[in-house]
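What follows is a short report on a single structure.
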Amino acid sequence: MKYDFTEIEKKWQKYWDDNKTFKTPDLSSGKNIKPKYYALDMFPYPSGDGLHVGHPEGYTATDIIARYKRMKGFSVIHPMGWDAFGLSTEQYAMKMGIHPKIRTAECVARFKQQLKAIGFSYDWEREINTTDEKYYKWTQWIFLKIFNSYYDEAEGRAKPITELKIPEGLSEREKFDFLNSNRLAYLAEVPVNWCPDLATVLSNEEVPEQVEKGYKVIRRNMKQWNLRITKYADRMLKDLDFLDWPNNIKELQRNWIGRSEGASLKFRIKSTVLKEDKFIEVFTTRPDTIFGATYIILAPEHKLVNEITGAENEERITNYRKTAEIKSDLERTELSKEKTGEFTGAFAVNPVNGAEIPILIADYVLASYGTGAIMGVPGHDERDQEFARKLGLEIVPVVIPQEVKTEEEKRIFTENTKNGEVCFSGEGFAINSGFLDGMSTSEAIEEINSHIEKNGIGKKTVSYKLRDWLFSRQRFWGEPFPIIHFEDGTFKALDESELPLTLPDIDSYKQSGTGESPLATIESWVNTVDKESGRKARRETNTMPQWAGSCWYYLRFLDPHNDKIFCDPEKEKLWMPVDLYIGGSEHSVLHLIYARFWYKILYDLGYVSHTEPFKKLFNQGMILGEDGVKMSKSRGNVINPDDVIREFGADSMRLFEMFMGPLEATKPWSTKGIEGLSRFLNRVWRLVTDENTGLVKSNITNEIPELKEKKLLHKTVKKVTEDIEDGDMKFNTAISYLMVMVNEMYKMEKICRSTIENFIILLSPFSPHICEELWEKLGNKNSIQFVSWPLFEQQYIKEDSVTVVFQVNGKIRAKMEVDYDTAEDVLEDHALYNEKILKLIMGKQIIKVITIKNKMVNIVVK
RNA sequence: GCCGAAAUGGCGGAACUGGUAGACGCACUGGACUCAAAAUCCAGCGGGACUUAAAUCCCGUAAGGGUUCGACUCCCUUUUUCGGCACCA
């Protein structure tokens with residue numbers, strides 16, 4: 001009987017289903033003393049295209065670990081689900097005039113069938129779908145928890161809003177505003193990234209992807225929901241240190257959070273149009289250069305611009321702001337390689353030396369970072385210098401590099417800085433800086449910081465690049481916000497008992513055309529009445545972004561059918577954190593920042609018991625087309641896993657994808673390559689079964705293996721175990737050891753049953769179907785999944801003999817086979833009496849001899 | 001520009017902590033089996049010199065330099081590729 005992978009794979013997939021082989025053990029009984037292991041894949045967005053070969057790569061790796069851990073005696077949870085809200089389903093549904101729910105169901109069915117055909121060991125009873133009402137009820141519920149919380153700065157954690165102290169003597173409306181200004185979810189008129197092509201806003205994190213696709217993204221002020229993720233910036237940064245994540249991902253997140261230490265400084269405004277004293281606050285990382293500040297710049301959107309602009313400057317300022325406004329961020333950065341700006345007519349007073357310096361606006365200053373205003377220090381900041389030269393502003397040198405020592409050098413440096421030929425932005429020593437003169441940069445920063453705090457003109461602060469998370473989208477196919485708005489402009493959250501707030505079932509719907517979500521056009525859904533007061537209200541028509549559902553799905557897997565709470569805290573405590581999380585690196589800043597953020601809020605509120613959700617993270621690399629470039633429909637180089645499975649079987653595909661190289665590497669597909677792995681599995685098949693009779697081959701005996709055979713097995717056990725265990729996800733080497741063992745077994749006249757059985761166990765996490773089949777053929781009853789992983793014994797690992805090399809001056813000149821652990825002095829004698837070595841060292845002086853047991857002898861001569 | 005990762009045969013990739021570079025697979029070459037082919041099995045396979053052959057020698061891990069008895073591995077400089085960020089004050 002030939003190796004009929006199609007039949008075998010079908011048979012075992014059915015067996016696993018029927019016998020619930022991969023059912024998650026119940027930990028909560030307390031009876032289970034086995035350690036837990038949570039192996040998680042990033043759940044897919046079920047698109048209409050179905051799986052591509054890139055999907056199974058990471059999934060196979062996780063599956064290997066999950067199967068291995070079960071055999072190692074762990075209680076394993078290995079679930080799968082669907083991240084099914086999203087734009088592409090909505091767009092398809094809109095085009096075809098069907099409800100996205102129907103389209104989603106179609107896509108899910110296809111994905112599921114494809115995943116099952118690869119033989120992953122998922123516990124399908126825990127399948128979840130973010131678009132299921134029973135699921136998004138809890139997404140909405142968590143949103144309510146976030147909405148009803150504030151961040152206690154003193155304790156550094158989120159707390160229920162009911163614990164927030166409301167100042168005395170506020171009117172009802174003021175109380176309402178006060179609470180809302182403290183909530184972790186808040187509605188605000190903010191400059192957003194509006195994408196006209198998609199008719200929706202995008203978060204900062206999402207912009208690059210859409211721009212790459214050729215969509216336009218512009219700045220626009222809109223009233224939107226935001227989540228106060230910035231409150232968690234510091235904790236998210238610090239906790240990164242303890243995670244077993246790839247360094248580049250940690251670095252990416254650190255950059256994204258973008259912490260910088262500095263100071264905020266207050267400059268008094270001197271303006272003819274301003275009646276009362278006002279201050280401009282600037283943020284700088286170099287407060288020590290304050291004596292070199294020769295002007296102040298406000299972002300064009302800065303609140304004070306209107307107030308300080310005099311009539312004679314108004315036209316120019318207004319025009320400049322208008323031009324800046326319509327530019328997208330991208331245009332703003334690209335076009336302003338030539339810096340531009342306008343004088344407001346007002347001046348500011350430098351708090352340390354009383355100098356009056358002009359206030360300008362320029363679009364190279366961003367409203368959304370720091371305080372939206374800077375002090376221009378053109379002597380020591382390249383951007384400021386470029387701007388100052390363009391507009392002819394004064395440049396004052398205030399820091400001198402250490403290398404500049406002599407008076408003559410100092411004169412030249414000062415001269416060149418003033419005329420704009422030199423811009424030194426590094427650390428050095430303060431000059432022209434009053435009481436800071438002569439101090440090193442770090443001393444000067446410390447001194448100025450205490451000076452400004454003492455005199456109330458500023459304070460040490462920390463600034464982040466991370467912005468609050470823009471959390472609403474103008475879409476239909478997303479979680480509706482459990483919020484209603486009243487006619488007076490106030491709003492309130494629904495009660496938990498009113499959840500889920502479901503999406504309306506409608507035949508067709510269109511974009512509203514006004515920049516609102518399609519939900520706004522569905523009168524019967526939008527108009528409602530407040531259950532408590534009976535007041536007329538209008539539902540929030542925005543929906544949550546796609547990332548909402550994936551922020552907490554790993555928790556729902558632990559308790560997927562619970563309708564009392566999103567996840568039983570007991571179960572959370574037992575199963576979390578995720579021990580291994582595999583997915584693509586494209587999620588390193590989006591999903592992984594958002595999910596950590598939600599988990600931390602839930603932690604603060606007492607619903608979960610750990611501070612981080614994902615202990616170990618691993619990113620699989622991309623699989624390129626056979627031509628070495630990214631797979632894409634337009635290139636026609638897409639490999640469909642269905643075709644691969646039909647031709648070679650799922651086991652060959654799994655094995656090949658792992659054999660291609662280290663998991664994190666980007667590597668091209670190769671049809672010839674998978675043929676090689678298919679050949680290997682055929683060799684394994686014929687090693688065990690007689691192709692004519694279909695029975696176990698007659699040279700497989702029940703004898704006790706000889707030492708040589710034992711050594712072969714134990715060495716393979718050691719290498720495969722270590723490769724799976726060490727966490728590098730380099731399964732290519734594990735597979736190559738299995739190949740070596742097969743090659744060796746082919747050379748043997750007879751093989752002991754125990755040897756071949758152990759080999760099959762070692763191969764089974766990689767290619768489970770064929771191994772189950774052979775396991776059964778060898779007369780075993782239960783699934784191979786329930787067998788213990790073999791152990792290796794040190795006594796069978798060590799070699800009998802080794803080849804030792806003899807070197808002269810570091811060059812290999814001879815080799816010799818010696819007993820393992822031959823003493824060093826014996827090795828030396830061997831080397832010194834070796835014919836070839838003798839010839840080379842004859843008549844020369846031996847300076848020293850370096851000997852390493854079992855490795856080499858190096859004779860150094862002159 | 002900044003940050004990060006990487007560069008090894010014709011190709012994908014191995015090489016523990018500095019100690020035999022090229023495991024394993026693909027491709028290729030030769031042989032066996034066959035009427036023939038496919039499949040399968042066996043053998044060879046970094047480059048070069050010399051040689052009938054064996055043997056021997058030289059070069060070789062992006063490039064150049066350094067440390068060391070010894071470097072794919074450590075240090076410095078450069079180049080290239082990939083990923084990310086990009087006026088973040």
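Since the model is a prediction, treat every value here as computed from it, not as a measurement. So that the names make sense, note that chain A is the first sequence line, chain B the second, and so on, each numbered from 1.
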**OP:** Name all residues meeting the side-chain contact (heavy atoms from CB on, under 4.5 Å) criterion together with A:E427; count only those two or more places apart in sequence or in a different chain, and write none if there are none.
**Re:** A:T441
Original post:
With sequence neighbours left out, what residues match A:V742 under side-chain contact (heavy atoms from CB on, under 4.5 Å)?
Top reply: A:F680, A:R683, A:V684, A:M745, A:Y746, A:F759
Original post:
Which nucleotides of nucleotides 20-32 of chain B have their base under 4.0 Å from a protein heavy atom (B), which only their sugar-phosphate (S), and which neither (-), written as one string 5' to 3'?
Top reply: BS-BBSSS-----
Listed partners of [X] passing ring-ring contact (aromatic ring centres under 6.0 Å, His included), at least two apart:
{"X": "A:H714", "answer": "A:Y796"}
{"X": "A:F659", "answer": "none"}
{"X": "A:W685", "answer": "A:Y3"}
{"X": "A:F283", "answer": "none"}

Distance between [atom1] atoms of [N] and [M] (Å, rounded):
{"N": "B:C24", "M": "B:G31", "atom1": "C1'", "result": "23 Å"}
{"N": "B:C26", "M": "B:A36", "atom1": "P", "result": "26 Å"}
{"N": "B:A21", "M": "B:G47", "atom1": "C1'", "result": "14 Å"}
{"N": "B:A63", "M": "B:A7", "atom1": "P", "result": "13 Å"}
{"N": "B:G66", "M": "B:G60", "atom1": "P", "result": "14 Å"}

**OP:** Keeping the roles fixed (side chain from A:H380, backbone from A:S425), state whether a donor-acceptor pair exists under 3.5 Å.
**Re:** no
**OP:** Determine yes or no for a side-chain-to-main-chain donor-acceptor pair under 3.5 angstrom, with A:K667 supplying the side chain and A:M660 the backbone.
**Re:** no
**OP:** Identify whether the glycosidic angle of B:G31 places it syn (within 90° of 0) or anti.
**Re:** anti
Pairs: protein N or O with nucleotides 59-62 of chain B N or O, under 3.5 Å:
residue: B:C59; atom: OP2; partner: A:K811; partner atom: NZ; Å: 3.4

Subject >> Residues A:F648, A:F656; criterion ring pair (Phe, Tyr, Trp, His ring centres under 6.0 Å); working and verdict >> reply: CA-CA 10 Å; A:F648 301 102; A:F656 172 61; 9.0 Å; no
Original post:
What is the nucleic acid contact for A:L252, judged by heavy atoms within less than 4.0 Å: base, sugar-phosphate only, or nothing?
Top reply: sugar-phosphate
**OP:** Can you run through RNA chain B from 5' to 3' and write each base as (, ), [, ], | or . depending on how it pairs? Watson-Crick or G-U wobble, both distances under 3.5 Å.
**Re:** (((((((..(((......[....))).(((((.......))))).((((......))))..(((((..]....))))))))))))....
Subject >> Residues from residues 243-251 of chain A lying under 4.0 Å of RNA chain B - heavy atoms >> reply: A:N248, A:E251
Subject >> Residue pairs involving residues 716-734 of chain A (criterion salt bridge (charged side-chain N to carboxylate O under 4.0 Å, His left out); sequence neighbours excluded) >> reply: A:K69-A:E725, A:K718-A:E722
Original post:
Quick one: is B:U56 close enough that its OP1 or OP2 comes under 4.0 Å of any side-chain N or O from A:K836?
Top reply: yes
**OP:** Check the pair A:V352 / A:I448 against side chain to side chain contact (heavy atoms under 4.5 Å, CB included), numbers first and verdict last.
**Re:** CA-CA 9 Å; A:V352 289; A:I448 189 78; 4.0 Å; yes
Subject >> Donor-acceptor side-chain pairing of A:E394 and A:T294 below 3.5 angstrom >> reply: no
Subject >> Set of residues satisfying salt bridge (Lys or Arg N to Asp or Glu O under 4.0 Å) with respect to A:D234, sequence neighbours excluded >> reply: A:K238, A:R259
